[in-house]
Structure formats: structure tokens, C-alpha cells
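Read through the structure below, which is laid out as C-alpha cells, and then see the notes.
Owing to the predicted nature of the structure, the values given are computational and were not obtained by experimental measurement. By convention in this document, chain letters (A, B, ...) are assigned in the order of the sequence lines, proteins followed by strands, and residues within each chain are numbered from 1.
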Amino acid sequence: MASPETTMELDSVGLENGLLETWSSEKLFEQSVKNRTDGEPFIFLEGPPTANGKPGIHHVVARTFKDMVCRWKTMEGYFVERKGGWDTHGLPVEIEVQKRLNLMSNPAIEEFGIEEFNKECRKSVWTYEAAWREMTERMAYWCDMDNPYVTLHDTYIESCWWALKKMFEKGLLYRGYKVLPYCPQTGTSYSSHEVALGYKEVNEASVYVKFKLEDTNASILAWTTTPWTLPGNVGLAVGPEVEYVRVRVTAEPEGWEGHGGAVVGEELILAKDLFKEVIRHHCDEIESFPGSDLIGRAYTPLFPGAVDRADSTTAWTVIGADWVTTTDGTGVVHTAVMYGEDDYNLGMEVGLPAQHTVDMQGAFLAGTHPQLDGKYVKDCDQTVIELLDTQGLLYREKMYSHDYPHCWRTGHPLLYYAMDSWFVRMTAVKEMLLEFNSQVEWAPDWVGEGRFGEWLRNVKDWAISRERYWGTPLPVWICNSCDHQHCIGSRAEMKEMAKEGSPVSDDPHRPYVDETILVCPKCDDDMIREPFVMDCWFDSGCASFAQWHHPFGEEGKFENNFPIDYICEGVDQTRGWFYTLLAVSTTVFESICYKRCLSLGLILDAEGKKMSKSKGNIVDPWDHFNREGADATRWYMVTAGAPWNPMKFDPNGVRETYGKMFLTLWNVHRFHADYAALDGFDPETSEKGVNTPLDNWVLARLNQVIAETHQQFEEWDFHKACRGIENFVVNDVSNWYVRRSRRRLWDEADSADKLACQHTLHTVLVTVSRLMAPVAPFMSDKIHRNLEGFSVHLADWPVAKEFDKDIIQTMELVRELAETGRKIRVDNDRRQRLPCGEGWIVAGPEISDFHEILASELNVETISLESDLNRFQVEVVHPNRRTLGAKCRQNLPAVLEGFANGDSESMLAAIDAGNLVIAGFDITKDDIEVRREERPGFAAQTIQTANGDSVSLVLDMTDTPELLSKGLARDITRRIQAARKNLDLPIEENIDLEVWMIDAPELFESDIKWIIGETRALNAEFIKGQGEGESFEVDGATIWYTLSASN
RNA sequence: GCGCGGGUAGCUUAGUCGGCUGGAGCACCCGGCUGAUAACCGGGAGGUCGCAGGUUCGAGUCCUGCCUCGCGCACCA
């Protein structure tokens, strides 16, 4: 170990870029990992980003929190591997390509060719890979980007297949329908994200329809905004608890317009609450009853023959559903199984026939009705209304305005349409999911209990198939003759089962996999693959094992890396990756997937608005990387607030962090390193010196900070930990320790005091570097290398030693007293440079260790303890509201008044005698606080210490010739030093000095010598009378001075 | 509509078990200090602690309702 090197002014961008090169040539990341191979593994899993979008500041946030924890754990001695990952499949990729090639629909893609299309997708996936790598490297996110897992790799896909087969074997995979927003023009169903792009307000006809009950002469009224779904009606849903009425029409209404109507004597049934709103005729109420009375009643189909009853016993009957409300409509919900999500779920539950009346082009199927067959459904709304009207089945028509989703590409209204889909039966493992979730340590805990728990309690079967092209193909084949289903679990299995002569491609993607025909194990006929790809969330949900190509890859790799210790992503992943990881591990392994999950808040702009491309309020991380540097950016993001709270990203804040934290720290380091280099200080071989109380104090504080930082890291309070470090660096180390130690290092001889200071600074800087290394990996490393000769990232996490809490408290008091002294001077109009003869600390604890510091801070000649309290101050009794409140309750005001009117001296005497009674209550010592306040006329202030004691500071304001001389000397020195600095004179440069004075107090010989020493004046003259050069006035005196470098 | 999380000085925020005059930082003004860096120190100004009730001797803190912002879920039959 040698002496540190002298340093330069801070250039953070240069510093960081320089270190990046050093790290890369040293392969420091690899080293830091390998260094800990003997340690217990800490398992981290990278949530794979998609590289077909540009990385933004929110990615920097997530990566900072990932990196920070991994670096911290590494320093603690854990073995922390970090494999990178890329999410490469899915709709966003396809949409990008579709836009570029103007392929608006599935038929258009197929015409273009799936093979070509997927080639384009494969290319598009990597559009921003370089940008991602650059960002990742520049921000110092340590992660193995050279051997990442990639969801489009054959091996990765094979693991996904394996997982799906596990589910299949457990009976958790099944085929069914899912109602999705579907655009018949493009032949595509849309995810909720895309649907959100296309909401438009529409004003269209809604209808009230009469459903004639079979066993009685009455009709149930139901309401719908989509008349085209009426031919598909197979049921009516009512709320079992909802109150319904049966009414008889007694007279025609006044001013009826539009289609529909009812005849006198006709009977109608609807929710009681909605009667007034819906019914236009004059009616008599016949009876009222709960919805449960209606359940099971059969009614006549509106379009007989449009749907086959098949073996359904519930078709065209009234069904109970507790989600039915009376907020609009009639309190009766028309149910068309294939054209509404609730309708479909209800239909499945009670066994309604699931049969389409509309084809994939959006046209009515043949056999629905002669006037409708083959026509586009949205064009038929009026026809349906007229058909019902002519049969007397229409009660009313009403224009209704609402938001309705439209195709973001073509602008056509989307149809909710039941699509063929494959599902994972998550509902079957709900209890297990909840149990596993309760084992996860969530930060913050309310995301786990609340948002995520809520989601799990309402878990639905997972629709994992997509009618798309670019994705992991669904490995399920169905037999042409016997409908046998087979799920492939590996590439080998596919080869084995392939029909002779059928192509088996090495690339598992479409369209190649579509061409592979399997032989049915049941009947030897051909099996054809289901034409779906999988939800890309399934891909990333498999990451915990597919990254290792489990179970085909390296043996033991997966087992040793599961379950995961730590994952961290934005809160938007709650229903995304956080869920799919758990969903897959639960169904495949019957295990938890991760033990700890940090869910990060959204990132907002400085105004609190969500960052989005369209608003143009995106912050480019490079703006900060290139200005304040990655350290300041990372530190800012960690200290700005709790990680799970939404973060308002304020570019100004980054600048502040840079100026405050990093510039300060750098200058402390520079101060130490420059002197250490000059003196040839070596932390290992140089004498230890003799610690002053100041050294002992800062070392105690250091250990306190170590302890607090560690504790707060453990509790996920990274923001508090880092604010604590920052406070220590800025306030304690720089603004107090270094400020008070400056003169110690000016000593040119190797004094014991200087050595102690240098050892102390060394320890403090090295330890602080280690504490902040996980968050600010650059400057911490620069400092650590300079002082310790090796990288901070190979160092160990600091462990706190026992520390002296008393000295910390004492110093707190000393600093408060120093501030108090300045306040006294301001109040008494006495300038800081004019010394006071004496200062007294009244009734303070023993702090003589710090009298010297205090005297210097206060600029007093001597400090002494004064025990005679009465000399300067009186004791004042204050009530202790906390104890008195408990004792006196509602009588407290009276007691407080008693205190206010009482005389402190006599109250104290009474308490000592044990007989103070106020408003009927015995007052004891515990009920009061005694504070001392200075008597009027003294230059004094009283402060309260942390444990409630009063301490006062009194300054003697008397002037003497000696004091005036000293004060003048300091003023002169200060001016000359400023002039030296303006002239850019080196610190060791000597000067020639002339000083003239008018009306000045006498300058004592000793003070003249002091000026000469302080200013390094080789030749100096002090003259009474008017002079030349710069001048200033102090206390009525005028001073002129000239100086020049002495040669 | 339901759930979760916010709302404290112009801005960013701390505020523990309900208890002394609601603290900091940035910015602003005045003063001081400085061979101390984009520094430091003192003082000033700046507060309806989102609003309204309630509990309590006492509420930023607990309860109820409301307003508002963000996120999520549901609904839009």
C-alpha cells in the first residue's frame, strides 16, 4: 500500500468513462462475482426487457434498484450471478412490423407469408439492442449481457414447451372460448392495451325487448345496446336479491315516438327501481318479488332456430347472477353467450349452448334469419329492431351514448366475440397461489396483500393462446379423426412422433412447426398443430428455469438457482411478470418462485404527469449521464423517495445531488489525498498518531452510520439509508470534521495530531466509499482505489463496531452551542472576527474535551463552566403535558392556567417540599420540566438538549485593547488572504505587504506577528496614516493595504 | 363503481406512541463567515398540514364523510 495520488477538480463524466474502461479491461464484474464463489448464493432474476423499444429513464430506475441490491449482497459475501435476458416475442413486435409493412390484417400477413413476416419480426426485435447495451453499461448495471437468455431461442422455447406439457399432464390445460374484442376487418383480436387506443364515443340505438314467458301471460323486459347480439340470445340474467315488479298496462302513454310499444292489458316484468325510467305507459303494479322467484322460468326464443338447444336444459330460461345491478337497463341482462364476457362465463356456469350466430368476418351465419344471413352485423341493427317490432316484441328504442372500443387501425367498431382459446386452469390452484404469495416478502407489503392478493383472490383461467404469428408456438396437436390432443414437451418428442416424411425444422417457430404432422398414438391418423402461439407473458413467466434450458441444459443449474431470492420491477408488472412467474412455478413445480419482490412506483415527470412519448415529457437518461454523471443520477433516484412511491423525476434534483453530495465528497477526498500525497502518508506504515476527541467523534458517527445504513438496507429503506449517508458526508464530515481539521493538516512536520487526522480521514473515506458503492459505483471506486489500492467492488460491506453514543450527543451540543454563539453575536451586533474575552457554559454537562473547538468557533479567549445558575439566569417551570394530560384529563386547561399564573420559584420550592397542588391535582417532579432562561440584559441564549436539559451560553461583550487589536488583526488577515486568492498566489508563496490605518485601535506587536505569519509576509510594514491600494472600514477605522509576491 | 397509494411553505420532502413553538433542503431577502467546494453559519419572509365533521384535556397524526391526483380492477348488458 502506497500513498494516495493527488487529485484533480471533479469531472464526473470523465471520471466515470475512465473507470468504465478500467473495469472492462480488468473484467471487474466477472472478478467481483467469481471472488465470491465460495459464498452462499444470492439468486437474482432479471426481468427481460424488450429491445424493440428505446430504453428510458424508468428503465434506469429499475436497473438501479436491481444493481444496488446485487452489488450490496456481493459485498456482503454472497455469490450473485446476474444473467441478462431479452423478451423477444409478442404483439408489440408484430405491430411494429405490421405498421412498417402496412399489413393491416391477419389475412394480409398470411398473404405476405408467415415465414417472411417472422423474419421481419426477428430482426425488429433487436432494433434497440445497441441502445440498451450502451445505457446498461454507462449506468454501470452489472449484468451478463453476453450470455443472456432470449425467449426466441430454440432452447428457451423448448423449456416453455416442457412446462406447458407439465400443465397438460396435470389436466390444467384445456381448450375453450374466450370473449375478446375482435375486429372482423383485420381478423385480429386485441389486447386491452390496444383496445384502450381506440375508444370512441358513439350515439346509437339501444332497445328494450320483450321476452314472452311460456307459463304465464307476461313478458320480461331486457335492454341491450347491441341489437345484433339478440339472435344469439339464450338466457336472461336477473339479480336474485333484486326486487322486481310485474305490471299491467292500463293506458297508452302521451307523446310516444319511435318503434315499439305495448297494448292495454299486456303484462311486463322488470326491476322495481327502473320502472319509472323505462315504462312509458300507464300501469298498475300487480305484484313485486325478488329475482330469485324468476329463476328457471322459460321464455320463447326471439329467433327460433338461430341457436340449437343441443342438450342444454337452461337455454331460454331465467338465470340468477349476483352481478346484475339496477344502475341502467331493466335489471334484466340479455345473455348472448358468445358476445360478452359475463355472458360467456355465466353460460359456462349454468350450461347454456355456446354457439356462434356470427362468423369470423362479422356476418350472420346461415340459418339465423332469412333477412340477416350473410350480412355484416353492424349493418343489421335496424333490421333486427324492425323484425322485433313487427312481431310486437319491441317495447322501446332509446338513443344511447357511450364509449365503445374501435379498431385502432381501421376505425371499425370491435365486436366482443368468443374466440377459440387455450387456457391454463389457474382457478384450480387458487389456494396454492394464495399460500405461496403469503410466503413472499413484498416491498411494499401492501402491494402483496392488496393489489396482488386481490388479483389472486379473483384469479381467472389464463388464456395463453393467441391467434398470432410471432411467438412460442403452442405445442398441441389434434388428431384429424379421433380429436385426440397431444402436447409436445421437447424437440426430441416432436421428432419421434412426426409422421414419416413430415418436415421437422430446427427452428420451432411458425410457419415451420405448422408443417409438422404427428402420428396419433390413439388411431394412427394425422395430427395437426393448433394454429396458435402463446401469450408472450408465458415466455417470461418461464424465465426462472428456461434461462437454464431446464430440464435439458446443464444439470443442477436450475436446482441451485431456484427459488429466486430477489426480483424487482415496476408496479405495472404486478399482473404481468410478478404474476406469470408465480403462475408458472405454481402449476409446474408447485413451488413459490421468488422470496422477495420489490415493486417500484411509476416514474412521473417534474409536474407529476406520467411520462409518455405523446406528451413529449420523456427524460433521456443520457442528458444526465453526460452532465452530472451516472452516480448522481442513480443517487438522486434512490434518495428521491421510497422506491415504491411514484417518483417525480426532476432534472434539477439530479443537479442538486451532484453539487451537494458528489462535489462535497470529492473535495473531502481531494483535501485528504493532496495532503497525504504531499506528506507521503501511508495508511499501513505511517504512525497512528494520537486521536483527538474530534477524531473519536467522527469515528463514532461513522459506526453509527454503518449500523443505520445496514439496518435500513435490510428493511428496504434504501432511500433513508442513502439520505443518512449523504447527511453524514455533507454535514458531519465536510462541514464539521474537515472544517475543524484543516489547520491540523497544514502542519508541515509529521505531528501525532496530523497523523491521527490522516488515519481518521482515510478510514472515513474508505468506509463511506464502501457504503455508497452499491448505489454510486463510480466515485466510490475512484476514491477507494486511490486510498486502498484496489476496487471497492471487491471489498467487503462494512460492519459496525461498538461506538460511543455519548460523544455523539456531546458533539451535537457543541455544535448547537457554536450556532448559539453566532446567534448571540447577531442579536448583540458584535462581528464574528472580534473576539470576546470570556464565554460561560451554564449548567451544561462536562464537555471540556471540546472547549478548544468551541472557543475557536465562538471566537472567545476562554470558555469556562459556570455553576452559579443565578448569576445569569432564572429557572422557569413548564408543565409536562404528556404526563399531566394522563393525570388530569379534561381538567388539564385549568391546571395549565395554574402553571401560567404561578411563580416558578415558589412552585419549585413547593415541589421540593412535596406539596404543590394546582386545581386540585398533586404536581410532582415528573409533571414539570425546568428550563432556565437568561436574565434580561445578558448576551446569552438558552437551548434545550436532546434529553430535555437546559444549557445556556453567555458571552462577555466587554471590549479591551487586547481584544480590539486581535479583532483588527483578523480583519486585516482576512482581507489579505482574499487578495492572495484573487491574485492566484500559491499557498506557499511569500508576499511583501504594506498596511496603512486611520482611527484604528492599537495593533499589538504579537498580533502584527500573527498577521505576518498567517499571510506569509516576508516584508511587512504597518503605517499610521492614509495609504493607497485597496481599503476597507471596520468599527470606524479605515485600512489600506497593498501586497505583491515577494521575489 | 370498488381497491390501493398520495395531497404538509413557490418546489422537493421529514414528521415515531396523539403531547412543548410542524422540521429540513432548494429558491428568495438581510447579515455574518471563509486560503472552504457549485461551500458554510445566523436571521427573515413564506403553512387553511386537501375540505368538513367527529373522538380527545390536546389531532398533521385516530375515526367518518367529501374533494382531488395517480395506479389498478371492474363495468359500459
Proximal nucleotide (of [options]) relative to the [X] side chain:
X        : options             : answer
A:Lys460 : B:A74, B:A38, B:G35 : B:A74
A:Arg980 : B:U12, B:A77, B:G35 : B:G35
A:Gln977 : B:A77, B:G35, B:G19 : B:G35

Report which part of the nucleic acid [X] touches: base, sugar-phosphate, or nothing (heavy-atom distance under 4.0 Å, all strands).
X        : answer
A:Asp342 : sugar-phosphate
A:Arg825 : nothing
A:His878 : nothing
A:Ala640 : sugar-phosphate
A:Arg970 : sugar-phosphate
A:Arg822 : sugar-phosphate
A:Leu985 : base

(Q) Tell me whether the side-chain N/O atoms of A:Gln890 come closer than 4.0 Å to OP1 or OP2 in B:C57. (A)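 Yes, A:Gln890 has a side-chain N/O under 4.0 Å of OP1/OP2 on B:C57.
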**Q.** Contact under 4.0 Å: A:Lys823 side-chain N or O vs B:G43 OP1/OP2
**A.**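 Result: yes.
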Q) When you measure from every atom of RNA chain B, which of residues 718-737 of chain A have a heavy atom less than 4.0 Å away? A)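 Here the set is A:Arg723, A:Ser734, A:Asn735.
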Q | Close residues, residues 658-670 of chain A, relative to RNA chain B [heavy-atom separation under 4.0 Å] | A |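 Heavy-atom contacts with RNA chain B come from A:Tyr658, A:Lys660, A:Leu663, A:Thr664, A:Asn667.
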Q: Consider only side-chain N and O atoms of A:Gln712 and A:Glu708, and report whether a donor and an acceptor are under 3.5 Å apart.
A: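 There is no such pair between these side chains.
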Q: Classify the side-chain pair A:Trp442/A:Ser599 by whether it contains a donor and acceptor separated by less than 3.5 Å.
A: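 There is no such pair between these side chains.
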Q. If the sugar-phosphate is the primed atoms plus P, OP1 and OP2 and the base is the rest, what is the B/S/- string for nucleotides 1-9 of chain B, using protein heavy atoms under 4.0 Å?
A. --BSS----
Q. Dot-bracket for RNA chain B, 5' to 3', with Watson-Crick and G-U pairs under 3.5 Å, [ ] for crossing pairs and | for other-strand pairs: what is it?
A. (((((((..((((.....[...)))).(((((.......))))).....(((((..]....))))))))))))....
Could you tell me which residues satisfy side-chain contact (heavy atoms from CB on, under 4.5 Å) with [X], sequence neighbours excluded, listed by chain and number?
X        : answer
A:Leu858 : A:Leu854, A:Val860, A:Ile863, A:Leu953
A:Pro879 : A:Leu884, A:Leu896, A:Phe899
A:Asp11  : A:Val13

Quick one: salt bridge (charged side-chain N to carboxylate O under 4.0 Å, His left out) partners of [X], sequence neighbours excluded?
X        : value
A:Arg975 : none
A:Lys660 : none
A:Glu857 : A:Arg739, A:Arg740, A:Arg822

Q) Which salt bridge (charged side-chain N to carboxylate O under 4.0 Å, His left out) pairs, counting each pair once, include a residue from residues 442-458 of chain A, with sequence neighbours left out? A)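 Only A:Glu454-A:Arg457 qualify under salt bridge (charged side-chain N to carboxylate O under 4.0 Å, His left out).
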Whole angstrom is fine here: how far is it from [atom1] in [X] over to [atom2] in [N]?
X        : N     : atom1 : atom2 : result
A:Arg882 : B:U16 : CZ    : P     : 12 Å
A:Leu352 : B:A77 : CG    : P     : 19 Å
A:Ile603 : B:C69 : CD1   : C1'   : 18 Å
A:Leu346 : B:A77 : CG    : P     : 16 Å

Q: Quote, to the nearest angstrom, the P distance that separates B:C57 from B:U13.
A: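 After rounding to an integer number of Å, I get 37 Å for this pair.
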Q) Judged by atom type as modelled, is there a donor-acceptor pair below 3.5 Å linking the side chain of A:Tyr299 to the main-chain atoms of A:Gly235? A)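 Yes, because the side chain of A:Tyr299 sits within donor-acceptor range (under 3.5 Å) of the backbone of A:Gly235.
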Side-chain polar contacts of residues 336-343 of chain A - donor-acceptor pairs under 3.5 angstrom, sequence neighbours left out - could you list them?
| from | atom 1 | to | atom 2 | distance (Å) |
| --- | --- | --- | --- | --- |
| A:Tyr339 | OH | A:His356 | ND1 | 2.8 |
| A:Tyr339 | OH | A:Thr357 | N | 2.8 |
| A:Tyr339 | OH | A:Thr357 | OG1 | 3.4 |
| A:Tyr339 | OH | A:Val358 | N | 3.0 |
| A:Asp343 | OD2 | A:Ala336 | N | 3.0 |

What's the separation between atom [atom1] in [X] and atom [atom2] in [Y], rounded to the nearest 0.5 Å?
X        : Y        : atom1 : atom2 : value
A:Trp446 : A:Trp644 : CH2   : CH2   : 9.0 Å
A:Leu665 : A:Ile725 : CG    : CD1   : 10.5 Å
A:Ile824 : A:Leu955 : CD1   : CG    : 4.5 Å

